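Notes to accompany the following structure.
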Amino acid sequence: MLRKLLLSGVAFLGVCTGTAQADTEADPSEQITVSAARRPIRQDEIGTALTLITEEQIKTQQRRSLPDILMRQPGLNVVRSGGMGATTSIFMRGNNANEVKVRLDGMDINDGSSASGAFDAGQFMTDGLGRIEILRGPQSGLYGADAMAGVIDMTTAQGEGRLKPFVRLEGGSYGTFNQVIGARGSQGRFHYNVELSHYRIDGFHSIPRYIEQYYGATRAQHRKTNRNDNRAATIRLGYDVTRNFDLGLTSRLIQSNYHTYSAYDLQSESYGDGDVRQRNTTNLAIVRGTAHLTSFDGLLDQVIGLGYMTNRNRWSQTGLSSTGPDYYRSSRLKIDWHGTVNLHEYGTVLVGAEHFHETFDTSHTAATLYDTGYHTKASMDTTAGYGQYEGNWHKILYGAANVRYDSNSRYGNYVTWRVAPAVHIPGTGTVLKASAGSGFHGPSLYQLFASQIGSYYTQTGNPYLRAEKLIGYDAGVEQKLLKDTLSFGATWYDNKVKNLIQSTSSVDIAPNGYEIYNYSYGNVARARMYGVEAFADWKPLKTLDFTLNYTWTHARDTTSHTLLQRRPDHKLNFTTTWQPVTDLTLSGNILYTSSWRDVPVIGTSYCSTCGKGRGYFTIDLAATYKINRIISIFARADNLLNRQYEEPIGYLQPGRAGYGGVTLSY
């Protein structure tokens with residue numbers, strides 16, 4: 001029975017990295033989650049607050065980039081410094097962006113080359129993704145460091161059936177011209193999915209008008225725009241050696257070239273620098289191989305995996321008299337194993353182990369005699385073991401409990417845990433959910449060992465940093481009515497964090513009388529984040545669906561008694577999908593975000609929360625029409641009312657935009 005479930009609903013890769021394609025017409029509670037317990041279970045059989053996004057939903061809404069689909073999910077706030085391709089941060093339940101673990105096909109892909117170690121979703125496209133699972137609340141008990149706010153677990157779609165080649169061409173506003181070509185299917189025991197994509201924009205201006213007026217921007221400066229060129233390859237291969245043993249290989253390669261002209265470049269020009277432009281080139285490779293074995297008639301299920309990730313970034317800025325290129329490089333090697341013992345009516349027991357080896361290398365090339373170059377190189381190792389019990393009592397009380405031990409060569413040893421029960425009240429359609437757990441986030445190699453010495457500044461790491469720690473819990477209720485066509489619910493959550501890592505600074509006076517600014521890091525703050533997540537899903541017809549989610553977040557630094565940056569209090573998203581005729585699908589979306597605190601771009605105050613971003617709402621529409629078995633056409637209108645808004649402050653987001661294209665498939 002277990003084997004049938006695994007092969008039909010989930011194709012394991014890494015830690016259960018199959019597509020688990022759920023029926024989009026089924027009640028959400030009956031969809032299968034893999035990430036919540038590292039094995040396939042129904043969503044309502046565990047207390048974890050989670051959201052499942054299927055490939056069909058991504059295609060219907062025509063969300064081409066990962067930030068575009070994530071910003072509409074409960075509990076998340078996505079901040080992008082400009083248009084497509086710009087640096088993007090993901091805040092979950094008010095926690096910092098680097099406290100969210102992101103995985104692809106079982107490989108941890110947080111960016112080790114960045115100063116904070118956060119995942120940058122700016123250049124990550126949705127092509128090839130079969131499933132996204134968002135787990136909210138501390139998940140370190142299963143997933144270790146960086147999962148203290150939650151986990152975003154993505155899976156590449158698996159090919160099945162006959163060969164299905166396709167080509168998609170798309171064009172539109174801001175010089176957009178996108179092309180995707182791919183094929184998926186299976187032949188005997190071999191199954192495959194290969195997709196190649198190219199995304200291009202050229203012509204998006206991200207500086208708000210009031211900032212241009214403040215600095216007296218010229219017509220030439222107003223015409224400077226951002227450009228992005230993104231090329232990617234997504235591959236998933238699998239081979240069923242026997243009925244009980246299969247092998248898998250996944251890979252995603254990304255090469256991007258992002259040119260930007262921001263408010264800070266305009267500011268530099270106003271201070272007397274020349275023609276300022278920034279350029280960021282990224283080369284990212286993620287590769288993972290797995291072996292999956294089911295033994296003793298489904299009693300024992302095991303997965304062993306080997307993954308590798310490397311990231312190479314080059315940042316440069318022209319027009320400044322003392323700036324040379326910066327290079328950021330990182331790598332991560334992961335070896336892991338986990339096994340699940342099926343005890344049938346007594347539940348399941350999961351045990352696993354992981355080992356990571358991570359490296360970091362950054363350098364700055366001096367441009368002039370007054371510029372100082374630097375080079376920092378470091379590495380660290382983490383070894384972890386974990387266990388979990390998951391079961392139910394008379395199909396009324398469900399739940400899971402886990403514990404994990406992590407040993408890091410740089411910042412020490414940590415034990416984390418999590419319990420997540422769910423109670424089904426018989427005959428009512430009511431499910432009570434709750435969870436509690438601990439989490440931690442380790443300092444990045446940059447925060448530990450950075451060594452940048454400039455003419456009038458220093459940036460040095462702190463090797464004595466400790467990991468950030470969190471204790472969090474949530475409790476909620478979900479209800480189904482009208483023959484399960486209507487479901488709704490709400491969850492209260494509360495997280496407390498200590499040892500928050502923040503930048504520290506001091507000022508020294510050089511012998512020549514100039515001030516030298518010294519920057520480092522310290523465990524100097526505490527924070528509390530609490531709020532409510534609510535949802536409603538109504539399917540009055542088989543061809544019509546309404547989905548609404550709302551998030552209220554209160555996030556405060558309890559050391560300084562200030563609100564945390566870039567966390568809006570209120571966020572609401574409404575999505576509807578309608579199929580009026582067999583070959584036509586329509587989708588509409590309304591997104592509302594309230595105001596938030598941020599860094600001001602102009603003025604004399606430069607604290608992190610002295611600025612206030614204005615709230616906004618956007619309306620998006622999408623349509624797809626299948627002309628025949630081979631040809632489909634589609635169109636999309638984003639920000640239909642042309643709302644001018646910034647997020648973050650100083651970075652204008654795209655106004656009204658239209659896109660359209662054609663898909664050829666066989």
Side-chain angles (χ1 to χ4, degrees), residues 63-72 76-91 97-98 100 102 109-111 113-116 118-126 152 172-178 197-208 211-212 221 224-232 254-268 276-284 311 313-318 326 328 565-566 591 593 596 598-599 601 611 613 616 618 638-639 643-655 657 659:
R63 301 301 172 195
R64 307 305 185 202
S65 71
L66 186 62
D68 283 342
I69 193 69
L70 293 182
M71 69 175 58
R72 293 165 171 83
L76 301 185
N77 186 49
V78 177
V79 177
R80 181 167 57 189
S81 57
M84 181 177 289
T87 301
T88 304
S89 301
I90 305 169
F91 299 88
N98 59 353
V100 179
V102 182
I109 60 172
N110 285 45
D111 186 4
S113 70
S114 68
S116 67
F119 171 72
D120 181 1
Q123 297 289 349
F124 208 98
M125 314 309 291
T126 58
I152 299 174
S173 302
Y174 306 115
T176 296
F177 183 47
N178 307 327
S197 65
H198 174 226
Y199 285 82
R200 172 187 174 274
I201 66 165
D202 187 358
F204 175 65
H205 185 73
S206 63
I207 305 177
I211 294 179
E212 290 184 325
Q221 290 172 323
K224 289 185 178 181
T225 59
N226 300 343
R227 303 194 309 271
N228 185 54
D229 195 84
N230 176 296
R231 295 176 172 85
I254 300 174
Q255 194 281 328
S256 65
N257 196 345
Y258 184 60
H259 298 253
T260 181
Y261 181 72
S262 70
Y264 295 98
D265 299 323
L266 174 62
Q267 184 183 71
S268 297
V276 180
R277 293 299 296 261
Q278 296 182 35
R279 177 180 177 182
N280 193 355
T281 301
T282 299
N283 292 276
L284 172 66
N311 202 337
N313 296 325
R314 182 184 188 272
W315 179 88
S316 61
Q317 189 172 36
T318 61
D326 292 348
Y328 303 91
Q565 180 189 50
R566 299 176 181 175
L591 173 65
T593 300
W596 70 95
D598 207 340
V599 179
V601 177
Y616 63 90
T618 61
D638 289 343
N639 196 358
R643 298 293 182 181
Q644 302 297 297
Y645 67 98
E646 309 163 50
E647 192 176 16
I649 289 179
Y651 292 91
L652 197 65
Q653 298 302 308
Y659 308 91

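All figures in this text were calculated on a predicted structure; none of them were measured in a lab.
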If you measure from [atom1] on [X] to [atom2] on [Y], what distance do you get to the nearest 0.5 Å?
X      : Y      : atom1 : atom2 : answer
Tyr328 : Asn280 : OH    : CG    : 9.0 Å
Ile207 : Tyr651 : CD1   : OH    : 9.5 Å
Thr260 : Lys224 : OG1   : NZ    : 11.5 Å
Ile201 : Thr176 : CD1   : OG1   : 6.5 Å
Phe119 : Asn110 : CZ    : CG    : 8.0 Å
Phe177 : Asp202 : CZ    : CG    : 13.5 Å

Side chains of [X] and [Y]: closer than 4.5 Å at any heavy-atom pair?
X      : Y      : answer
Tyr264 : Val601 : yes
Tyr659 : Asn178 : no
Met71  : Ile90  : no

Main-chain N/O of [Y] paired to [X] side chain as donor or acceptor, under 3.5 Å:
X      : Y      : value
Asp111 : Asp120 : no
Asn226 : Tyr261 : yes
Thr88  : Ala86  : yes
Asn230 : Gln123 : yes
Glu646 : Leu652 : no
Thr126 : Arg64  : yes

Compare every heavy atom of [Y] with every heavy atom of [X], then report the nearest pair and how far apart it is.
X      : Y      : value
Thr225 : Arg277 : O-NH2, 2.7 Å
Asn228 : Gly85  : ND2-CA, 3.7 Å
Val79  : Pro648 : CG1-CD, 3.3 Å
Met84  : Tyr258 : O-CE1, 3.9 Å
Ser173 : Ala657 : OG-CA, 3.4 Å
Val276 : Ser268 : CG2-CB, 4.2 Å

Run the numbers on Arg80 and Gln653 for side chain to side chain contact (heavy atoms under 4.5 Å, CB included), then give the verdict.
-> CA-CA 8 Å; Arg80 181 167 57 189; Gln653 298 302 308; 4.0 Å; yes
Does Arg566 come within less than 4.0 Å of Asp598, counting only side-chain N to carboxylate O?
yes
Review point. Does a donor on one side chain sit under 3.5 Å from an acceptor on the other, for Glu647 and Tyr616?
Key: yes
Side chain to side chain contact (heavy atoms under 4.5 Å, CB included) for Ile109 and Leu284? Distances and angles first, verdict last. CA-CA 10 Å; Ile109 60 172; Leu284 172 66; over 6 Å; no
Exactly one candidate in Asn283, Ile254, Thr282 meets side chain to side chain contact (heavy atoms under 4.5 Å, CB included) with Asn311; the answer is Thr282
